[in-house]
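Reviewing the structure listed below.
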Amino acid sequence: MADSRTTLRLDWVDYLETALHEAFPEARHIEVALSGGVDSVCLTYLLADLAKRRGFRLSAVHVNHQINLRAGDWQEFCQWLCASLNIPLRTAKVEVNWGGGDSLEAEARQARYAIFAQSQADVLALAHHADDQAETILLQLLRGAGPHGLAAMPVTRALTEHTQLWRPLLNATRDQLEALATVEDWIWIEDDSNDDTRLRRNFLRHDILPRLAQGYPDYREQLLRSVRRAADAAALLDELAASDLELMVGADSSLDLDMLAHVSLPRARNALFAWVEERGGVLTPDGLDEALVQLLDAAPDANPMIDVGAWRLTRYRQRAYLIRPFTTPTAPIAFEFSPEQLTLDFPDWGGRLRFNPIANGGLRQVALTGGLTLRPRQGGESLPQNGVNKTLKNLLQEAGMPPYRRERLPLIYQNDTLLAAPGAGINTELLAAEPDVGYVPVWLPYDGY
């Protein structure tokens, strides 16, 4: 008959088996993130048992953040543990910039997840538990997070196209895991930095949550209920945003501001936030409110530029656009035209130049032979248009080109003759005549705008 020690371990393995079947029944390779702490050590042992039972491949990954003086010892411990369990281990050292406060945790997490994203497994298992989840919820509350932030850590989510994250221990407490490890005589690492209450998570863990437990002993369960409700609310907001953006977003990915102005303010916030976020931009709650004011309430001829992370948010003719910050090259860039290579890349200009061949019109090939350069606008340029010189400024306005595109549009010259402003006009004195093929230059910015 199995002793209590074996029974407890089997109960945990059974629990993991059920959780795996519900989340990833087809998983063939699971990689466990192993820090050396009690939570990840428990998960590693239990998954090793489950791998023998279910036949999937198990490996581990250890990220050495090189912050603690004992980091090398922790890596050696993880190597010893994996060797004893016959589990392949990949290790990686990362550089983390120490800025104090939350910045250390944020930088370490970013570096760690970059290593996780290199996983070749179907599933990457993380040992976050109910106490971690409770700390995360309180941190999000104290940051003023909305439903998405309060949904905290999901049990599963996509890490990359081929790897899913899995947190199977979110319903288990730290005490339960320590009890299992103690009964099994497992060895683990104690990270002394976990006692540093200058870090906000540690402050909550050591100074706040024990006092909270005195009055609310079931606070973990209650917070987990709130997580589920917040996750439901976040899902509904996502569905509403998807429905709104299907109507508001045009073929060029710009956002219709007239339509945005005609929905309620909370709905407009939700739609704008989702539109920016799905393109990789970042909007804080205060930044979101300010962006709405500038997009919807500014003067009709205003063209705001709002930083949203790696992008800038702007508007033109009642449509919002997300564009990449860009510095126009100041020096001409020489290039050669060839009918065999009609698309040319210009990274310094942030885009591609394509020459579309047409049977009647377009620049004749002789105009594209030798002395070609891309140049920035200087002001005062003009282009011959059917016997009349038109200023480039007027041509750009007539073309309906947004101001930000005008600023970053390269001009095509042959020596000192302006051949074209792609998308606005070409030099009609240099058009090809039938039966010759002509070429219409088109500028294609990398960011789509």
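Side-chain atoms are counted along with the backbone in the values below, which use heavy atoms only and exclude waters and symmetry mates.
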Residues Arg53 and Asp14 bridged, charged N to O under 4.0 Å: yes
Among Leu260, Leu255, Leu257, which one satisfies side chain to side chain contact (heavy atoms under 4.5 Å, CB included) with Gln318? Leu257
Which is it for Thr91 and Gln79 under the side chain to side chain contact (heavy atoms under 4.5 Å, CB included) test, yes or no, and what are the steps along the way? CA-CA 9 Å; Thr91 62; Gln79 290 169 330; 4.2 Å; yes
For a 4.5 angstrom cut-off between non-hydrogen side-chain atoms, does Trp186 reach Val38? no
Please check if atom CG in Asp297 has more than 12 non-hydrogen atoms from other residues, nucleotides or ligands closer than 6.0 Å. yes
Identified side chain to side chain donor-acceptor pair (under 3.5 Å) partner of Glu31 from the options Gln120, Arg90, Arg57: Arg90
Looking only at non-hydrogen atoms, find the nearest pair between Pro441 and Leu353 and report the distance. CB-CD1, 4.2 Å
Are Glu26 and Arg28 within salt-bridge range, i.e. N to O under 4.0 Å? yes
State the CG-SG distance between Leu177 and Cys42, to the nearest 0.5 angstrom. 5.0 Å
Derivation and outcome, side chain to side chain contact (heavy atoms under 4.5 Å, CB included), residues Thr173 and Glu178: CA-CA 9 Å; Thr173 67; Glu178 288 184 355; over 6 Å; no
Can you establish whether the number of heavy atoms outside Arg157 located under 6.0 Å from its atom CZ is more than 12? yes
For Tyr316 together with Tyr404, are the ring centres under 6.0 Å from each other? no
For Phe77 and Trp74, I'd like to know if the aromatic rings sit close, meaning centre-to-centre distance below 6.0 Å. no
If you compare all heavy atoms of Pro88 against all heavy atoms of Leu58, which two are closest, and at what distance to 0.1 Å? CD-O, 3.4 Å
Check the pair Tyr216 / Glu221 against side chain to side chain contact (heavy atoms under 4.5 Å, CB included), numbers first and verdict last. CA-CA 10 Å; Tyr216 300 90; Glu221 292 80 2; over 6 Å; no
Side-chain H-bond candidate by donor/acceptor type, Thr136 with Arg201, under 3.5 Å: yes
Write out all pairs satisfying salt bridge (charged side-chain N to carboxylate O under 4.0 Å, His left out) with one or both partners inside residues 165-174, taking only residues at least two apart or from two chains. Asp131-Arg174, Asp132-Arg174, Glu135-Arg174
Do Glu381 and Thr391 make a side-chain contact, defined as non-hydrogen atoms from C-beta onward lying under 4.5 Å apart? no
On a heavy-atom basis, which atom in Ser40 and which in Ala33 lie closest, and how many Å separate them? CB-O, 3.5 Å
Is there a donor-acceptor contact under 3.5 Å linking the side chains of Asp238 and His148? yes
Return the minimal non-hydrogen interatomic distance between Ala134 and Leu223, and the atom names on each side. CB-CD1, 3.8 Å
Side chain Trp166, main chain Leu126, donor-acceptor under 3.5 Å: no
To the nearest 0.5 Å, how far apart are CG in Leu313 and CG in Leu272? 6.0 Å
Can you say whether the rings of Phe346 and Phe335 are parallel (under 30°), tilted (30 to 60°) or perpendicular (over 60°)? perpendicular
What's the separation between atom OG1 in Thr44 and atom CG in Leu34, rounded to the nearest 0.5 Å? 4.0 Å
Less than 3.5 Å apart, any donor N or O on the side chain of Glu277 or Trp275 sitting next to an acceptor on the other? no
Working to the nearest 0.5 Å, report the span between CE of Met305 and OH of Tyr321. 12.0 Å
Work out which heavy atom in Asp39 is nearest to a heavy atom in Leu169; give both atom names and the distance. O-CD1, 4.3 Å
Are any side-chain N or O atoms of Thr163 and backbone N or O atoms of Ala121, one a donor and one an acceptor, separated by less than 3.5 Å? yes
NE2 (His162) with more than 12 external heavy atoms under 6.0 Å: yes
Nearest 0.5 Å, what's the CZ-OG distance between Arg317 and Ser254? 12.5 Å
Evaluate Arg225 against Gln222 for side-chain hydrogen bond (donor to acceptor under 3.5 Å, both in side chains), listing each step before the verdict. CA-CA 5 Å; Arg225 284 195 185 95; Gln222 300 302 336; 2.9 Å; yes
With no hydrogens and no angle check, is any side-chain donor or acceptor of Asn270 less than 3.5 Å from a backbone partner on Leu237? yes
In Å and rounded to the nearest 0.5 Å, what is the NZ to CD distance from Lys393 to Glu398? 12.5 Å
Output, in order, the C-alpha distance, side-chain angles, deciding distance and verdict of side chain to side chain contact (heavy atoms under 4.5 Å, CB included) for Asp122 and Gln164. CA-CA 6 Å; Asp122 305 316; Gln164 297 287 318; over 6 Å; no
Please lay out, stage by stage, how His29 and Ser59 fare under the test side-chain hydrogen bond (donor to acceptor under 3.5 Å, both in side chains). CA-CA 8 Å; His29 178 192; Ser59 62; 2.8 Å; yes
For the residue pair Arg408 and Trp349, would you count it as a cation-pi contact if the rule is NZ or CZ under 6.0 angstrom from the ring centre and within 45 degrees of the ring axis? no
What pair of heavy atoms forms the shortest contact from Arg315 to Asn303, and how long is it? O-OD1, 3.1 Å
